[in-house]
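Quantities reported herein were computed from a predicted structural model and do not represent experimental measurements.
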Amino acid sequence: MSRGTQFVRVIKFLLAGVTVFCVSWIASVNEWHSGLRWSGRRVENLSTMRTIVGYSAAKLAELDRPSPVACSRLPAFPEIPLINRTWSPDTESPSWQRVRGTSVSLYAAYYDDRAPQRYIRILAHFHGRKIAIEEPLFCQTRSANPEKYSVEVVAAKPEEIWWHEWDQTQTEVFTPLLLSCPLTEDMSDTSVVSIVTQPCENPSNGLLLKPSKTKYRYNRTFTICVKDMIFQKDISQNLIEWIETNKLLGVDMIDMYIDSLNKKSEDILLRYRSQGIVRLFHVPIKYSFERSLWQRRRDHIITYNDCLYRNIRESKFIIPLDIDEIILPKIADTWGELLKRLTYQGWNPNTYSAILVRNVFFFDFLQEVRNYKSSKHTNKNKMYMKRDDVRIKDENVSLEQIKLLNDTNSIKYEIDNEVANSSTQNNYKSVCGKEMPIPKVASHTVSSAVISPIGHYSKSFMLTKRVLTAFNHYPLASLGAAGIAGWPAPFNEVQLNHYKEACNSTVVSECEIYSKTSRMDYSAARLSRRLTKVLATDLCSKLKTV
């Protein structure tokens with residue numbers, strides 16, 4: 001046998017082997033969905049088991065691509081409730097929609113074309129801790145025009161937006177959920193999506209979905225997301241100080257979710273909304289005394305993920321923050337300048353989905369430590385803790401026992417107290433008729449000497465093009481990655497200043513750890529100068545206009 005003939009035979013064997021491998025591959029790969037399309041006559045279901053994991057975006061898109069087949073009947077067109085989620089005083093909050101035959105309720109739907117495979121993402125929750133006990137769910141997607149007789153049905157991929165390691169109690173809970181529905185083609189027109197338990201049954205819900213016509217050219221870089229605002233006392237001055245601080249740092253928009261507010265605080269936010277710096281939305285789930293702490297934490301996740309998906313086409317980053325938190329650059333003046341510096345220190349948006357910032361507590365009671373050390377007090381000033389607005393005295397720690405350290409690691413700037421300047425103070429007095437309050441970034445210079453580890457009370461810049469589900473502190477899941485996929489920012493570059501009245505329920509078990517030692521922290525000195533100048537000329541006028 002000639003050498004050429006042997007070569008041809010080897011090639012034939014190789015081709016045969018490749019063919020067998022490919023057939024086996026196709027048989028073994030299961031898309032987690034099955035697709036059905038209305039044809040008027042029959043149903044075919046092409047469902048197999050997925051045993052191969054795709055790691056690249058292209059492979060994930062290939063595995064998740066639906067295979068539509070025929071359905072014997074056209075499901076009825078659903079009723080679509082009119083929902084306005086924009087908040088205004090004295091308006092009702094939006095309702096949820098139940099999925100018949102399940103404990104699942106739907107909040108909102110979003111079109112997600114960040115990956116090669118297009119999806120409809122639906123925020124929902126269910127009663128329980130394991131979605132696996134629920135009936136399988138299917139997405140019905142159709143044109144918003146009821147005259148178009150076409151419905152695409154795929155199995156919904158459910159993903160709990162929660163880590164069960166966090167559960168501290170076994171009480172009944174509602175768990176947040178993300179339902180993902182893959183599409184066969186890009187969405188070009190306004191559509192309606194419904195969730196059902198049988199592929200072709202008539203739906204009991206309908207969510208309207210308007211795809212954006214624009215490409216991913218963000219018109220904002222930084223958008224802050226603020227979870228459920230519940231304040232009966234007047235916090236208008238604190239709101240002004242916090243919003244103006246973030247404006248100086250470079251925020252483009254603040255999305256705030258309102259439950260209930262004092263009238264004066266409402267008016268302040270409406271004023272900022274008219275200036276285009278704040279957007280106000282109804283809170284997804286209103287507060288009630290019956291909800292446990294761990295249930296409220298679950299509920300807040302709906303808020304953060306609504307903020308995420310509202311901004312995936314609008315803002316490069318979202319930043320979940322509360323109004324007692326400030327992400328403070330220590331060397332740069334703004335977040336934009338900070339990002340440029342971090343790029344040279346390891347931050348890579350093609351690798352990570354978030355920049356994690358370490359937390360520093362500035363408790364109100366710690367601010368008295370410096371005065372206590374320099375004077376002769378006879379009464380011990382006790383620190384206290386709080387659990388859900390109830391003060392709990394801690395007899396084990398008093399101010400005289402708290403060790404005060406010098407802050408040798410932060411940038412040392414003497415605080416230039418603009419408030420003490422006679423012309424500034426006199427100008428403020430003439431307009432406001434009272435002494436000018438010192439901004440918190442200037443008055444709070446004593447922090448806990450214990451810096452929270454990464455992941456503990458951290459906050460983060462979340463990259464919207466990469467985050468699949470978001471939590472208060474960091475992404476819970478990211479596109480094309482497992483785990484948090486967050487990058488820890490160097491502490492000498494940035495920290496989270498967390499201003500708290502006392503140790504509350506979030507840190508009560510660690511209160512003694514955070515309070516045994518304190519340090520002088522002048523990191524906010526430069527920012528306090530800039531903020532004080534802004535507030536000296538504008539704070540009172542803002543308060544007087546409402």
Distance, nearest 0.5 Å, that separates [atom1] of [X] from [atom2] of [Y]:
X: Thr86; Y: Ile83; atom1: OG1; atom2: CD1; value: 12.0 Å
X: Tyr119; Y: Asp112; atom1: OH; atom2: CG; value: 8.5 Å
X: Asp113; Y: Ile120; atom1: CG; atom2: CD1; value: 11.5 Å
X: Thr303; Y: Met229; atom1: OG1; atom2: CE; value: 12.0 Å
X: Leu479; Y: Lys465; atom1: CG; atom2: NZ; value: 11.0 Å
X: Ile438; Y: Ser528; atom1: CD1; atom2: OG; value: 10.0 Å

Which heavy atom of [X] sits nearest to which heavy atom of [Y], and what is that distance?
X: Leu531; Y: Glu241; result: CD2-CG, 3.9 Å
X: Thr351; Y: Arg466; result: O-NH2, 3.4 Å
X: Arg273; Y: Ser88; result: NH2-OG, 3.6 Å
X: Ala470; Y: Met462; result: CB-SD, 3.7 Å
X: Leu366; Y: Ser518; result: CD2-CB, 4.2 Å
X: Leu207; Y: Ala108; result: CD1-C, 4.0 Å

When you compare the side chains of Asp299 and Tyr287, does any donor N or O come within less than 3.5 Å of an acceptor on the partner?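 Their side chains do not contain a donor-acceptor pair, so the 3.5 Å distance test is not met.
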Please tell me whether Asn311 and Arg220 have a donor and an acceptor in their side chains that are separated by less than 3.5 angstrom.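 Their side chains do contain a donor-acceptor pair, which is all the 3.5 Å distance test asks for.
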Steps toward salt bridge (Lys or Arg N to Asp or Glu O under 4.0 Å) verdict (Glu266, Lys263): CA-CA 5 Å; Glu266 286 183 357; Lys263 178 63 167 60; 5.6 Å; no
Within the structure provided, determine whether [X] and [Y] are in side-chain contact (heavy-atom separation under 4.5 Å).
X: Phe461; Y: Leu356; value: no
X: Asn246; Y: Trp335; value: yes
X: Leu249; Y: Ile327; value: no
X: Thr343; Y: Asn348; value: no
X: Tyr499; Y: Trp242; value: no
X: Tyr257; Y: Val226; value: no
X: Ile243; Y: Leu269; value: yes
X: His282; Y: Thr91; value: yes

Would a line drawn from the ring center of Trp163 to the ring center of Phe471 be shorter than 6.0 Å?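 Aromatic pair excluded; centres sit 6.0 Å or further apart.
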Step-by-step side chain to side chain donor-acceptor pair (under 3.5 Å) determination, Glu314 to Thr223: CA-CA 9 Å; Glu314 299 177 6; Thr223 299; over 6 Å; no
Say whether, by atom type as modelled, one donor and one acceptor occur between the side chain of [X] and the main chain of [Y] under 3.5 angstrom.
X: Glu325; Y: Asp322; answer: yes
X: Gln367; Y: Val446; answer: yes
X: Lys286; Y: Asp259; answer: yes
X: Arg296; Y: Ser288; answer: no
X: Gln295; Y: Phe174; answer: yes
X: Gln495; Y: Phe491; answer: no
X: Arg279; Y: Met253; answer: no
X: Ser353; Y: Ala485; answer: yes
X: Arg298; Y: Leu293; answer: no
X: Ser265; Y: Leu261; answer: no

Does Lys440, at its NZ atom, have more than 12 non-hydrogen atoms belonging to other residues, nucleotides or ligands within less than 6.0 Å?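 Yes - once you tally the heavy atoms of other residues, nucleotides and ligands closer than 6.0 Å, there are more than 12.
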Would the number of heavy atoms belonging to other residues, nucleotides or ligands and lying under 6.0 Å from CD of Gln232 be above 12?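 Yes, the 6.0 Å shell around CD holds more than 12 heavy atoms from other groups.
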Going through the distances and angles, do Ser447 and Arg519 end up as a side chain to side chain donor-acceptor pair (under 3.5 Å)? CA-CA 6 Å; Ser447 72; Arg519 63 173 188 154; 3.1 Å; yes
Identified side-chain hydrogen bond (donor to acceptor under 3.5 Å, both in side chains) partner of Asn359 from the options Ser452, Ser458, Ser448: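 Running side-chain hydrogen bond (donor to acceptor under 3.5 Å, both in side chains) over Ser452, Ser458, Ser448 with Asn359 returns exactly one hit, Ser452.
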Can you spot which of Lys340, Arg341, Arg526 makes a salt bridge (Lys or Arg N to Asp or Glu O under 4.0 Å) with Asp333?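 When Lys340, Arg341, Arg526 are each tested with Asp333, the salt bridge (Lys or Arg N to Asp or Glu O under 4.0 Å) holds only for Arg526.
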List the steps, then state whether side chain to side chain donor-acceptor pair (under 3.5 Å) holds for Asp252 with Ser315. CA-CA 9 Å; Asp252 300 295; Ser315 183; 5.8 Å; no
Is there a side chain to side chain contact (heavy atoms under 4.5 Å, CB included) between Val193 and Ile122 once you walk through the steps? CA-CA 9 Å; Val193 61; Ile122 299 175; 3.9 Å; yes
What do the steps show when you test Met256 against Phe281 for side chain to side chain contact (heavy atoms under 4.5 Å, CB included), and what is the final call? CA-CA 6 Å; Met256 308 184 83; Phe281 301 101; over 6 Å; no
Qualifying ring-ring contact (aromatic ring centres under 6.0 Å, His included) pairs, either residue in residues 296-319, two or more places apart: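 Residue pairs with at least one partner in residues 296-319: Tyr110-Tyr309, Phe222-Phe317.
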Qualifying residues under side-chain hydrogen bond (donor to acceptor under 3.5 Å, both in side chains), relative to Glu160, sequence neighbours excluded: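 With neighbours one apart ignored, the set is His164.
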Would Asp306 and Leu123 count as a side chain to side chain contact (heavy atoms under 4.5 Å, CB included) if you check the C-alpha gap in whole Å, the side-chain angles of each, and the deciding distance to 0.1 Å? CA-CA 8 Å; Asp306 181 66; Leu123 273 180; 4.0 Å; yes
Determine the interplanar angle of the Tyr514 and Tyr457 rings, folded into 0 to 90°, and report it as parallel if under 30°, tilted if 30 to 60°, perpendicular if over 60°.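 If you compare the ring of Tyr514 with that of Tyr457, the planes turn out perpendicular.
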Go through the steps for Arg121 and Leu178 under the test side chain to side chain contact (heavy atoms under 4.5 Å, CB included), then give the verdict. CA-CA 7 Å; Arg121 311 284 192 186; Leu178 182 71; 3.9 Å; yes
